[in-house]
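Read the structure below first, then the notes.
The sequence lines fix the lettering, A, B, ..., with proteins before strands; numbering per chain opens at 1.
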Amino acid sequence: MKVLVPIKRVIDYNVKVRVKPDNSNVDLANVKMAINPFCEIAVEEAVRLKEAGNATEVIAVSIGDKSCQEQLRTALALGADRAIQIEAEGELDSLNIAKLLQKVVEEEQPQLVILGKQSIDSDNNQTGQMLAALTGLAQGTFASEVKIDGDKVNVTREVDGGLQTVALNLPAIVTTDLRLNEPRYASLPNIMKAKRKPLDVKSAADFGIDLSLRTKVLKVTPPAEREAGIVVETVDELVEKLKNEAKVIS
Amino acid sequence: MSILVIAEHDNSTLKAETLKTVAAAQAMGGDITLLVAGSNCQAVADAASKVNGVSKVLLCDNAAYEHQLAENMSLLVTELAADYDHIVATALTTGKNFMPRVAALLDVAQVSDIIAVESADTFVRPIYAGNAIATVQSLDAKKVITVRATGFDAVATDDNASIETIDTVCDAGTSSHVSDELTESERPDLGAASIVISGGRGMQNGENFSLLEGIADKLGAAIGASRAAVDAGFVPNDMQVGQTGKIVAPDLYIAVGISGAIQHLAGMKDSKVIVAINKDPEAPIFQVADYGIVADLFDALPELESKL
Ligand SMILES: Cc1cc2nc3c(=O)[nH]c(=O)nc-3n(C[C@H](O)[C@H](O)[C@H](O)COP(=O)(O)OP(=O)(O)OC[C@H]3O[C@@H](n4cnc5c(N)ncnc54)[C@H](O)[C@@H]3O)c2cc1C
Ligand SMILES: Cc1cc2nc3c(=O)[nH]c(=O)nc-3n(C[C@H](O)[C@H](O)[C@H](O)COP(=O)(O)OP(=O)(O)OC[C@H]3O[C@@H](n4cnc5c(N)ncnc54)[C@H](O)[C@@H]3O)c2cc1C
C-alpha cells in the first residue's frame with residue numbers, strides 16, 4: 001500500500017508574523033520557514049504505517065517554488081521514500097492545490113492520502129476535504145487515531161463534542177489533528193540519507209488544469225491590539241474589579 | 001439573492017452558533033433558507049423555524065444524515081445548491097468537515113472562518129493565528145462560506161417560518177459511523193458560555209481541574225484548556241481553546257496557569273474581559289489580560305472560589 005503525504009512550507013510556528021506597511025500581505029522576508037506542523041504529523045503517521053508493515057512506500061509531495069524542496073528533504077529525513085515537487089510560482093488557492101493533488105493521486109494510485117488538517121499560515125482547513133471530493137473518496141478529518149482494517153480504515157476524529165470514529169473504504173483521505181502522534185526528530189544519518197533519496201520536479205503548468213485564482217486578497221491588515229490592563233495585588237481586589245469595574249460577574 | 005444556511009445541531013437541539021451564522025448571512029443580504037439535515041430531528045426544525053431572518057426551513061430527515069457524515073452531507077448540499085447564491089455554514093467541526101467538499105463539488109473556492117461581511121462577495125477572515133486580518137473577495141458565482149460564530153451577534157428567536165420537508169436521500173456508501181465518545185457535561189458549551197475558565201500546563205494534572213470546577217459552578221462558566229493540558233492528558237480534546245481548537249469570545253475569560261502562546265491567544269483574545277492567573281510575571285498572557293494576578297494558582301483558586 002502506497003501512502004501519499006502532501007506537505008506545505010509555512011512560517012515557523014514560533015514566529016509572530018508582521019503585516020507589510022502597504023497592507024498587501026504579511027512580510028515573509030527573512031522569516032524562518034518550516035514544514036507545517038500538521039504535515040509533519042502526517043509524515044510521521046505514514047512512516048509508522050510503513051514500519052508497522054501496513055504501507056510499502058511513503059511519497060511526500062509539495063506544491064510551491066523551489067524553496068519547498070527543503071521541507072520535502074525534511075520529510076525524506078523523517079522516513080518518506082521519495083518526493084515530488086510541483087513547481088508553481090505565486091499563490092494558489094486550496095481548490096487549485098486540491099486539483100493538482102488529484103492528478104498526483106490518479107498517477108500514483110495511493111491507498112491512503114494523509115494531509116494536515118490545516119496550514120498554520122492561511123488557517124483554511126479545506127484542502128484535504130476538497131481532494132476527497134474531487135477523487136470521490138471518503139474522508140477522515142481531524143484524526144487522532146488511524147487503524148487499517150483490511151480494505152477499510154478506521155479513523156477516530158477530534159470533534160466538538162469529543163471523539164467520533166468512522167470506517168472508510170480504502171482508498172481514503174485522512175487529515176491529521178494534534179494528538180495523532182508525536183513526530184520524531186530526524187537523526188543526522190537520516191538527514192544525510194535523505195539527500196540521496198529521489199526528488200522529482202514537475203511543473204504545475206504541465207498538468208493541464210485551469211489554475212486561475214477564484215479568490216482575490218484585497219488587503220491584509222494587523223489585528224486590533226488589546227491594551228495590557230493592570231496587575232492586581234490580591235484576590236479581593238480582583239473580585240471587586242470584576243464586579244464593579246468590568247461588571248462581568250455579580 | 002438567496003442564501004442557504006446549514007444548521008448545526010445534534011438531532012435534538014439547534015446549536016446557539018447557528019443564530020450567529022444566520023446573522024452573518026443577513027449581512028450578505030438575501031432571502032435565507034435554513035437547512036436541517038439529520039435523523040429524527042423534527043425538534044431541531046421546530047427550533048429553526050423560530051430563528052429571526054429565516055424565511056423557510058428545509059427539513060431533510062433521514063438515517064443517511066444521522067451522523068452528518070461529510071460524504072453524504074456534501075452530496076445533499078451540492079444538490080440543493082443549484083437554487084442558491086451563497087452556501088453558508090458555521091466553522092465548527094461538522095461544517096469544517098463537509099463544506100470544503102461542497103465547494104469542490106461545485107468547483108468553487110471556499111472562504112473559511114469569516115469574522116465580518118464587507119459585501120455580498122467580500123469577507124474578512126483572520127490568518128496566521130489571528131496575527132493578520134485578510135479581506136478576501138470571492139470571484140466565483142456561487143459563494144461557499146464558513147462563519148466564525150464569535151464574529152457575529154446572535155439573531156433573536158421569536159419568528160415563525162414555515163417548515164418544508166424534503167426527502168432527498170444521498171448516501172455515498174463510502175463511509176460509515178462506528179462510534180462516538182462524547183464528553184458529558186452539565187456545564188454550558190464552550191462556544192456559547194458567557195464566562196470561560198481555562199487551565200493550562202500549570203494545573204499539573206487532571207485532578208487539579210476540580211479547582212476550576214468549583215469556580216465554574218459558582219459562575220455558570222464553561223471550562224477550557226490549553227493544548228499543553230490536553231496533550232498531557234489532563235482533559236479531553238474538546239476542551240482545547242486556540243488556533244487549532246475552539247474559538248471563544250465570552251464576556252469573561254479566566255486563564256489559569258497558561259503562558260499565552262500565540263496559538264492559545266488566537267482562540268480567546270476577542271473575549272471582552274480577560275483575567276490571567278500566573279506565577280510568572282513575564283508570561284505573555286499578561287500582555288492581553290485586563291486584570292492579571294501574579295500568584296501561585298494553588299493559593300489563588302481556592303481563595304477566589306471562597307470569595308465569589
Ligand atoms: C491573505 C491571504 C488570504 C487567503 N485567503 C484564501 C481564501 O479565502 N481561500 C482560499 O482558498 N485560499 C486563500 N488563500 C490562499 C492560501 O493561502 C493557500 O495558498 C491555499 O489556500 C492552500 O491552502 P491552505 O494551505 O490554506 O490549505 P489548508 O486546507 O489549511 O491545508 C491543509 C493541508 O493541505 C495540504 N497542502 C496545503 N497546501 C499545500 C501545498 N502547497 N502543497 C502540498 N500540500 C499542501 C497540507 O497537507 C496541509 O496541511 C489566501 C492567501 C493569502 C495570502
Ligand atoms: C500547530 C500548533 C497548533 C497549536 N494549537 C494550539 C491551540 O489551539 N491552543 C493552545 O492552547 N495551544 C496550541 N499550541 C501550543 C502552544 O504553542 C503552546 O505550546 C501552549 O499553548 C502552551 O500551553 P500552556 O500555556 O498551558 O503551557 P506553558 O507554556 O508551559 O505555560 C504554563 C504556564 O503556567 C504557569 N504556571 C506553572 N505553575 C503555576 C502555578 N503553580 N501557579 C500559577 N502559574 C503557574 C507558568 O508560569 C507558565 O506560564 C499549538 C502549537 C502548534 C505547534
Side-chain angles (χ1 to χ4, degrees), chain A residues 11 13 16-17 19 26 93-95 98 118 120-126 129-130 132-134 137-139 141-142 144 154 158-169 178-179 213-223 226 228-232 235-236 238-239 241-242 246 248-249, chain B residues 69-71 74 92-93 96-97 100-101 103-105 108-113 122 127-140 174-183 219 227 231 236-238 244 251-252 262 269 273 286-294 300 303-304 307-308:
Chain A
I11 188 168
Y13 80 98
K16 187 170 170 186
V17 75
V19 170
V26 296
D93 46 38
S94 311
L95 185 62
Q118 86 192 58
I120 59 160
D121 51 0
S122 40
D123 282 334
N124 273 319
N125 194 334
Q126 57 194 30
Q129 297 89 316
M130 287 178 162
L134 296 174
L137 299 178
Q139 67 188 47
T141 53
F142 328 142
S144 68
N154 284 325
E158 294 199 358
V159 295
D160 289 327
L163 297 170
Q164 178 192 63
T165 303
V166 291
L168 315 174
N169 293 354
L178 295 167
R179 260 71 57 179
L213 290 180
R214 313 295 193 74
T215 50
K216 188 169 161 196
V217 176
L218 302 183
K219 65 174 182 208
V220 176
T221 54
R226 269 192 100 94
I230 56 164
V231 171
V232 296
V235 170
D236 281 317
L238 176 64
V239 173
K241 294 279 185 201
L242 291 178
V248 284
I249 61 173
Chain B
L69 294 173
E71 296 76 12
S74 57
L92 291 171
T93 48
K96 284 178 180 171
N97 193 28
R101 230 177 140 107
L105 291 173
V108 305
Q110 170 173 298
V111 184
S112 295
D113 231 353
T122 303
I127 50 175
Y128 291 90
N131 287 307
I133 306 293
T135 304
V136 181
Q137 184 181 20
S138 161
L139 307 176
D140 289 304
T174 50
S175 63
S176 59
H177 178 263
V178 176
S179 62
D180 282 329
E181 200 181 305
L182 302 181
T183 307
L219 294 175
R227 174 191 174 182
D231 282 7
N237 62 281
D238 50 274
T244 62
D251 293 338
L252 173 60
I262 50 177
K269 73 178 173 176
V273 174
F286 288 118
Q287 288 160 24
V288 300
D290 299 279
Y291 304 106
I293 178 158
V294 181
E303 188 181 348
L304 179 60
K307 294 201 165 134
L308 287 172

Most heavy-atom pairs under 4.5 angstrom with chain A, which of T244(B), L105(B), L219(B), L92(B)?
-> T244(B)
Would you say K307(B) has more than 12 foreign heavy atoms packed within less than 6.0 Å of its NZ?
-> yes
Sort V19(A) into side chain, backbone, both or neither according to what part of it lies under 4.5 angstrom from a heavy atom of chain B.
-> side chain
E181(B) side-chain N/O to G162(A) backbone N/O, donor-acceptor pair under 3.5 Å | no
Per-residue contact mode, I249(A) against chain B (heavy atom under 4.5 angstrom) = side chain
Rounded distance [0.5 Å steps], CG in D160(A) versus OG1 in T183(B) | 10.5 Å
If you tally heavy-atom pairs under 4.5 Å against chain A, which of E303(B), Q137(B), R101(B), Q287(B) wins?
-> R101(B)
Which heavy atom in P100(B) sits nearest to a heavy atom in M130(A), and how many Å separate them?
-> O-CG, 3.3 Å
Can you tell which part of A98(A) gets under 4.5 Å to a heavy atom of chain B, answering side chain, backbone, both or neither?
-> neither
For the candidates L69(B), L182(B), L308(B), which exhibits the highest count of non-hydrogen atom pairs separated by less than 4.5 Å from chain A?
-> L182(B)
Option that, when pairs with chain B are counted at under 4.5 Å, heavy atom only, ranks first among A133(A), S122(A), S94(A) | A133(A)
How long is the gap from CD on Q110(B) to CG on L95(A), to the nearest 0.5 Å?
-> 10.5 Å
At what distance, to the nearest 0.5 angstrom, does CZ of R227(B) lie from CG of L178(A)?
-> 4.0 Å
Note: vs chain B, highest number of non-hydrogen pairs under 4.5 angstrom among D93(A), V217(A), N124(A) is N124(A)
Turns out that what part of V26(A) lies under 4.5 Å from chain B's heavy atoms comes down to side chain
Search all heavy atoms of S175(B) against all heavy atoms of L168(A) and return the closest pair with its distance.
-> CB-CD2, 3.7 Å
Spacing of CG belonging to D140(B) relative to CZ belonging to R214(A), to within rounding of 0.5 Å | 5.0 Å
CD (Q164(A)) and OG (S179(B)) are apart, to the nearest 0.5 Å, by 8.5 Å
Of the backbone (N, CA, C, O) and the side chain (C-beta and beyond), which part of Q118(A) lies under 4.5 Å from a heavy atom of chain B, both, or neither?
-> side chain
Contact leader toward chain B among N125(A), D236(A), I11(A), where contacts are heavy-atom pairs under 4.5 Å | D236(A)
Tell me, out of S112(B), S176(B), A300(B), A70(B), who's got the most heavy-atom pairs with chain A below 4.5 Å.
-> S176(B)
Residue part contacting chain A, namely of A134(B), when any heavy atom lies under 4.5 Å = both
Is there side-chain contact between R179(A) and D231(B), with at least one heavy-atom pair below 4.5 Å?
-> yes
Chain B: which of N154(A), V239(A), V159(A), L213(A) shares the most heavy-atom pairs with it under 4.5 Å?
-> V159(A)
Does any heavy atom of chain B fall under 4.5 Å from the side chain of T221(A), the backbone, both, or neither of them?
-> both
Considering all heavy atoms of both residues, which atom of Y128(B) and which atom of V17(A) are nearest to each other, and what is their separation?
-> CB-CG1, 3.6 Å
The reported gap from OG1 in T174(B) to CD in Q139(A) (rounded to nearest 0.5 angstrom) is 9.0 Å
Under 4.5 Å from any heavy atom of chain B - which part of L238(A) = side chain
What one should report as the nearest heavy-atom pair of F286(B) and A228(A) is O-CB, 3.9 Å
Report the option among L252(B), V178(B), V136(B), I127(B) that has the most heavy-atom pairs separated by less than 4.5 Å from atoms of chain A.
-> V178(B)
Turns out that what part of I262(B) lies under 4.5 Å from chain A's heavy atoms comes down to side chain
Give the member of V273(B), D113(B), D251(B) that has the highest number of heavy-atom pairs under 4.5 Å with chain A.
-> V273(B)
In terms of heavy-atom contacts, A138(A) and E71(B) come closest through CA-OE2, 3.4 Å
Pick one of side chain, backbone, both or neither for L163(A), based on which atoms fall under 4.5 Å of a heavy atom in chain B.
-> both
Examine whether an atom of V232(A) lies under 4.5 Å from a heavy atom of chain B, and if so say whether it belongs to the side chain, the backbone or both; otherwise answer neither.
-> both
